[in-house]
Amino acid sequence: MPDNPSSPTIAEAVDLLQGGGLLAIPTETVYGLAADARNVDAVARIFALKGRPADHPLIVHIADADQLDDWATAIPEAARKLAAAFWPGPLTLILKKRADVPDVVTGGQDTVGLRCPDHPLTLALLTAFSGGLAAPSANRFGRISPTTAAHVRAEFAADTPSILDGGPCTIGIESTIIDLSQSPPRILREGHIRHAQLLPFLPELKNEIGNTSPRVSGSLDAHYAPRTPMRMLTREALTQAKDTRPRCLLLALTALPAGTEGLSLPADADLYAQGLYAALRQLDAQNATCILIEQPPSGPDWLAVNDRIKRALAGAGS
Ligand code: TXA
Ligand code: MG
């Protein structure tokens, strides 16, 4: 854990949240922008700071699976088994909401997204706070999710809220989301936990990535986007790019081709995911003409990474 003197203690963080304040929190996936999920005004401040449309629901973060019943109703047995198997961890469950869950949290829908994050500081905070924390990723709407406290400060500059600094996020991309409110259940967002790991619990699980329903903001085409224009190229094309595009920076797999400038990420899907957003931010900060990203492998292990890159490509340069 970094020794950051501006990071509040757990007791200070609880006070802040109980007073209706916003707090950036570390999780194993990305940093979240948290508020008391039962405080309608505090939750409204999340939407205002992010510039997020009101119909995009927020995930409620809870301390453990025992709190499922505080937020959800008609909970299928599979949801409890999934929570027992994967929580704390990068899995969000969409369930029928209890009538008393504020509409501002769920975007007016009859479902609520619930997750217990696997980070020691945030778990300590949730236990001390005892309620739920509504928290989207702590970035401006459509931009790259933050995986360090410094990224959160870069996003919000003078408007930066208090940040509970828990160091760099270990997973680096957002949680897998499964919708259990409908039959058959569906994956709404790919993440570190894959379809194959979920199938033993949910034999009928559909994988509907590419469904562009506005219910999941991560499923909009443009998201996770750098401001620098970005293109994806094969390794072969990337190797030649230095001749034609001198001010382009590369995001390569394993190693940069000789004579090129940029960064490389490991050819392991989990390690690539861990470094992806930090790499995009670093490249975006250099005022290059463009970012050229080497096409990652395909296949089930790379689904979540390819999903994030596809959306970053769609939104880049704007
Ligand atoms: O890993 C994560 O999930 C991170 C950390 C902070 O927990 N959070 C995160 O939040 O990625 P956000 O708001 O950036 O993305 C949450 C996604 C959104 O696309 C939202 O539409 C979807 O979850 N979502 C939340 N509640 C939902 C619901 N009731 N039905 C369908 N989708 C929902
Ligand atoms: Mg987000």
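We count ligands from 1, going down the list as the structure has it; atoms in each ligand are counted the same way. Just so you know, these numbers come straight off a predicted model, no measurement behind them. Side chains included, hydrogens not; waters and symmetry mates left out as well; all remaining heavy atoms used.
Residues Leu265 and Leu276 share a closest heavy-atom pair of CD1-CA, 3.9 Å.
Of the charged side-chain nitrogens involved, none lies within less than 4.0 Å of a carboxylate oxygen, so that Arg308 and Glu190 do not count as a salt-bridged pair. Taking the charged nitrogens against the carboxylate oxygens, Asp69 and Arg80 do have a contact shorter than 4.0 Å, which makes a salt bridge.
Residue-to-ligand polar distances place Arg52 within reach of ligand 1: an N/O pair is separated by less than 3.5 Å. For ligand 1, the polar-atom distance check finds an N/O of Ser137 within less than 3.5 Å of one of the ligand's N/O atoms.
A ring-centre distance under 6.0 Å is found for Phe141 and His56.
Taking only non-hydrogen atoms, the option from Glu174, Gln109, Arg189 nearest to atom 15 (O) of ligand 1 is Arg189. Which of Gly113, Ala135, Gly107, Pro57 comes nearest to atom 33 (C) of ligand 1 through a heavy atom is settled by distance: it is Pro57.
The residue Asp179 has no part lying near ligand 1, judged by heavy-atom distances below 4.0 Å. Residue contacts with ligand 1 for Lys97 are absent, since no atom lies close enough (heavy atoms, distance under 4.0 Å). At a 4.0 Å heavy-atom cut-off, ligand 1 touches Thr111 through backbone and side chain alike.
No side-chain heavy atom of Thr289 sits under 4.5 Å from any side-chain heavy atom of Leu249.
Ring geometry for Tyr272 against Trp302 counts as perpendicular: the plane angle is over 60°, on a 0 to 90° scale with 30° as the lower cut.
Within ligand 1, counting atoms from 1 as listed, the ones closer than 4.0 Å to a heavy atom of Arg115 are 1 (O), 2 (C), 3 (O), 5 (C), 7 (O). Of all the atoms in ligand 1, the ones that sit under 4.0 Å from a non-hydrogen atom of Ser175 are 1 (O), 2 (C), 3 (O). Residue Ile177 approaches ligand 1 through these ligand atoms, each under 4.0 Å from one of its heavy atoms: 17 (C), 22 (C), 23 (O). Interface atoms of ligand 1 facing His61, defined by a heavy-atom separation under 4.0 Å, are 5 (C), 6 (C), 7 (O). For ligand 1, the atoms lying closer than 4.0 Å to a non-hydrogen atom of Thr29 are 1 (O), 2 (C), 4 (C), 5 (C).
Here Asn139 fails the criterion, with no N, O or S atom under 2.8 Å of the Mg ion (ligand 2).
Not a single heavy atom of Thr106 lies less than 4.0 angstrom from ligand 1.
Under a hydrophobic clustering in which Ile, Leu, Val, Met, Phe, Trp and Tyr are joined whenever their side-chain heavy atoms come within less than 4.5 Å, directly or via other members, Leu271 and Ile309 fall into different clusters. Met230 and Met232 fall within a single hydrophobic cluster, where Ile, Leu, Val, Met, Phe, Trp and Tyr are joined by side-chain heavy atoms under 4.5 Å apart, directly or via other members.
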**Request:** Given side chain to side chain donor-acceptor pair (under 3.5 Å), test Ser175 with Thr92 step by step and report yes or no.
**Result:** CA-CA 6 Å; Ser175 61; Thr92 296; 2.8 Å; yes
